Amino acid sequence: MKFVKAKLLMVIGMLTWFFTGCSNPALSVVKPSGEVGKMQLNLIYLSTAIMTLVTVVVAVIYIYVVIRFRERPGDTHIPKQVEGSTVLEIVWTVIPIILLIILAVPTVSTTFQIEKRPAPSQHPVQINVTGYQYWWKFNYPQAGITTANEVHIPAGRPIEFVMQSHDVIHAFWVPSLGGKRDLEPGRMNRLILKADKPGTYEGKCTELCGASHALMNFRVIAHQTAEYDAWIRSMQKVNSQAKSVLAKEGQRLVGQNCIGCHAIRNGGYKVLGGKGPELTAFGQRTRIAGVLDNNPQNLRAWLQNPQNVKPGSRMPSFAHLEKKQIDALVEYLESLKGSSQ
Ligand code: HEC
Ligand SMILES: [Cu+2]
C-alpha cells in the first residue's frame, strides 16, 4: 500500500512538473500572444468543456446505477429484464451528434478564418521558411535578406510563412503564436500568424525528422514596426569585413573552410553557400544552432565538435584546426553584426 502511495505521489509530482512547464509564456499554448493562438485556445476550451461534460454525466449515471441497483444481501428478486429500448438508443445517438455539431461548427469556421490570406491593407510580410536537418532557413523575398534559426517579424502585422523542406518532413510550431504546419519536400505550405506585441517566442520542429529533431529549435523575435524596419535595413546594408587583425585571419579561414556551405553577405566572398545556415550578422543571434547561447566559449565548442551538440548534424567538425585558428574564426564570426545606420 505504501508503495502504491509513493508511486501515486510520483505520478502527481510529474504531472505537476509537466503542466507547470507550460507556464513559460514564450512557449505556451494556454497563454497565447497572437490572434491565431487565441482562436485555437478557444477551440481547446470548447472541446475540453464538452469532454468534461460527457465524463461527468456518464460518471454520475454510472455511480448512481451501481449503488442504487446493486445486489443486496438476502435479496433474491430478479429485476425486470429489458431488451432494447428505442427511446434510449435514439437519445444516446442524438446527444453525441449534437455535441459533435457544437464542436464542428466553430472548428470549421475557425479553420477557414485562420487560413484566410491577409488583405494588402494589413501590410502582410512574406517569409519563406525552409526546413533542413536540423535548422531553419528564413528568407525575406521582399527585402532580399536571409537568416537562420531566428526570424524577426513586426508585431501587429500578419506574417505569411511560406514553407518547404529541403530534405525530410519537418513541422513548424510556435506554441504561443499558433500553429502548426508541415514543411514538405516539393510542396509549398502556408501558415499565417501574427504576434500581438513585441517579444521573443520559442519555436520547435514537431515532426520526428532524425537524431537531432528535438534540438531543431528556432526563435521568433517580434519588434515594433520602426525597430523591425531598422533591422531589415541593417541586414541589407551589412558589412562583413573583419576589423581586427585576428578577425581578418578568421575571415580568411572562413573563405578557406566554410564558405562552400555558409553564405556571408558583403564579406568579399565569391561562393555563396547553401548547405548550411547563412552566417550574415551571426554575432547578433542569441543562440548557436538553435541550442547553445551565443558566446565565444560555446562557439568554440560548436566548431570543435558539432556532433556533440547536435548528433547527426550535417556540420563537419573542425577539431583539426589549431587553437589559434579557432580563436580567429570565433573572433570574426562574433564580430558580424548588422549595419548600425
Ligand atoms: C559541409 C558543410 C559545412 C561546412 C564546410 C561548414 N559548416 Fe557550419 N554548418 C553546417 C550545417 C549543415 C549547419 C547546421 C547544423 C545544425 O544546426 O544542424 C552548420 C551550422 C553552423 C553554425 C551555427 C549557425 C547558426 O545559425 O546558429 C555555425 C556558427 C557554423 N556552422 C560555423 C561554421 C564555420 C566557422 C565553418 C568553417 C570553419 C563551417 N561552419 C563549415 C554545414 C557546414
Ligand atoms: Cu525537423
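Note that this is a predicted model, so its numbers are computed, not measured. For the single chain, residues carry numbers from 1 onward in sequence order. Order of appearance sets the numbers: ligands from 1, and atoms from 1 within every ligand.
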Atom 13 (C) of ligand 1 [closest protein heavy-atom partner, distance rounded to 0.1 Å] = P277 CD, 3.3 Å

message = Strictly under 2.8 Å, is the Cu ion (ligand 2) approached by any N, O or S atom of M216?
response = yes

key: Side chain, backbone, both or neither: L333 near ligand 1, heavy atoms under 4.0 Å   = side chain

task = Determine whether F112 and K116 make a side-chain contact, defined as any pair of heavy atoms from C-beta on separated by less than 4.5 Å.
result = no

Donor on one side chain, acceptor on other, T225 and R157, under 3.5 Å = no

message = Return the closest protein heavy atom for atom 16 (C) of ligand 1 as residue, atom name and distance.
response = K310 NZ, 3.5 Å

key: E334/R285 ion pair, N-O < 4.0 Å   = no

key: Per-residue contact class, L279 against ligand 1 - non-hydrogen pairs under 4.0 Å   = side chain

request  = Using heavy-atom distances, let me know which of Y332, Y134, F218, Y132 sits nearest atom 18 (O) of ligand 1.
outcome  = Y134

message = With rounding to 10 degrees, what does the angle M315:SD / atom 8 (Fe) of ligand 1 / H262:NE2 come to?
response = 180°

W231 ring center near Y140 ring center (under 6.0 Å) = yes

task = Measure the shortest side-chain to side-chain distance between N295 and N298 over non-hydrogen atoms and say whether it is less than 4.5 angstrom.
result = yes

request  = Tell me which part of W302 gets within contact of ligand 1: side chain, backbone, both or neither, using heavy atoms under 4.0 Å.
outcome  = side chain

task = Determine, considering heavy atoms only, which of G255, A211, G250, C258 sits nearest to atom 34 (C) of ligand 1.
result = C258

request  = Output yes when the distance from some N or O of ligand 1 to some N or O of A289 is under 3.5 Å, and no in every other case.
outcome  = yes

task = Could you tell me if any non-hydrogen atom of L299 lies under 4.0 Å from any atom of ligand 1?
result = yes

ask   = Is a side-chain donor or acceptor of Q164 paired with a backbone partner of V162 at a separation under 3.5 angstrom?
value = no

ask   = Is H170 close enough to the Cu ion (ligand 2) to have an N, O or S atom under 2.8 Å?
value = yes

task = Check P316 against ligand 1 and report side chain, backbone, both or neither, counting heavy atoms closer than 4.0 Å.
result = side chain

note = min-distance protein heavy atom vs atom 3 (C) of ligand 1 -> C261 SG, 2.7 Å

task = Give the numbers and elements of all ligand 1 atoms closer than 4.0 Å to a heavy atom of F318.
result = 36 (C), 37 (C), 38 (C), 39 (C), 41 (C)

inquiry  = I'd like to check V125 versus P154 (side-chain heavy atoms, cut-off strictly below 4.5 Å). Are they in contact?
reply    = yes

key: Region of L253 engaging ligand 1 - heavy atom pairs below 4.0 Å   = neither

request  = Using a 4.0 Å heavy-atom cut-off, say whether N257 meets ligand 1 through its side chain, its backbone, both or neither.
outcome  = both

